[in-house]
Amino acid sequence: MALDELSRQKVWQVVAAIPCGKVASYGQVAELADLPRQARAVGKMMSQLPKDSRLPWYRVINAQGRISFPFDSEGYQRQRERLESEGIEFSGERINLKHYRWDGLA
DNA sequence: TCCTTGACGGAGA
DNA sequence: ATCTCCGCCAAGG
């Protein structure tokens, strides 16, 4: 990844723009930040986010509508709690993207 | 250097 | 629904 500064800023801007109650996938964020097919780079950046970040990192999930942390991990718990507190409901381990996927613009 | 490893994703089988 | 295989690409062994 080691994306340049400009790219990183774009990614943060996109993440910050995801509205409450909506979610976006890593790939979607990458695309909206003009980094097509760089989903992994986005995931990498997320993993390096400081724990006290104010960004709504938890609104970014994978394209399958699942949280990208092991089910039994603390990260999974933290992310799921925040999403549910915003009114997002889970069907087992998954989120119904038909209802919660953020439409980048339109 | 080569190989593996990721908060990933889409196409096939 | 599950499982490979392949892009993608920097980091660390």
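These numbers come from the heavy atoms of this one structure, side chains and all, not from hydrogens, waters or symmetry mates. Chain letters run A, B, ... following the sequence lines, proteins first, then strands; residues in each count from 1.
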Practice item. Choose from B:dA7, B:dG9, B:dG6 the nucleotide whose nearest atom is closest to any side-chain atom of A:R40. Key: B:dG6
Practice item. Nearest whole angstrom, please: distance from the C1' of B:dA7 to the NZ of A:K51. Key: 17 Å
Study note, to complete from the structure: Residues passing the side-chain hydrogen bond (donor to acceptor under 3.5 Å, both in side chains) test with A:S7, sequence neighbours excluded, are A:D4
Revision key, fill the gap. note: A:R82, atom CZ; B:dA7, atom C1'; distance rounded to Å ~ 14 Å
Revision key, fill the gap. Regarding the side chain of A:A63, the nearest nucleotide among B:dC8, B:dG10, B:dA7 is B:dG10
Point to revise | Backbone N/O of A:F71 and side chain of A:Q77: donor-acceptor pair under 3.5 Å | key: no
Check your understanding: Touch check for A:R66, heavy atoms < 4.0 angstrom, all strands: base, sugar-phosphate only, or nothing?
Key -> nothing
Check your understanding: Taking the side chain from A:Q13 and the backbone from A:K10, do they hold a donor-acceptor pair closer than 3.5 Å?
Key -> no
Exercise for review: Taking only the side-chain nitrogens and oxygens of A:Q38, find out if one of them lies under 4.0 Å from OP1 or OP2 of B:dC8.
Suggested key: no
**Study point:** B:dG9 OP1/OP2 closer than 4.0 Å to side-chain N/O of A:S25
**Key:** yes
Check your understanding: Looking only at atom P, what distance separates C:dC6 and B:dC3, rounded to whole Å?
Key -> 15 Å
Point to revise | Separation of atom CG in A:N62 from atom C1' in B:dC8, rounded to whole Å | key: 8 Å
Exercise for review: Please measure how far the C1' atom in C:dG7 lies from the corresponding atom in B:dG6, and state the result in whole Å.
Suggested key: 15 Å
Review point. Is any NZ, NE, NH1 or NH2 atom of the basic residue among A:E86 and A:R82 found under 4.0 Å from an Asp or Glu carboxylate oxygen of the other?
Key: no
Exercise for review: Check every atom of B:dC8, C:dA1, B:dA7 against the side chain of A:R94 and return the nucleotide holding the closest atom.
Suggested key: C:dA1
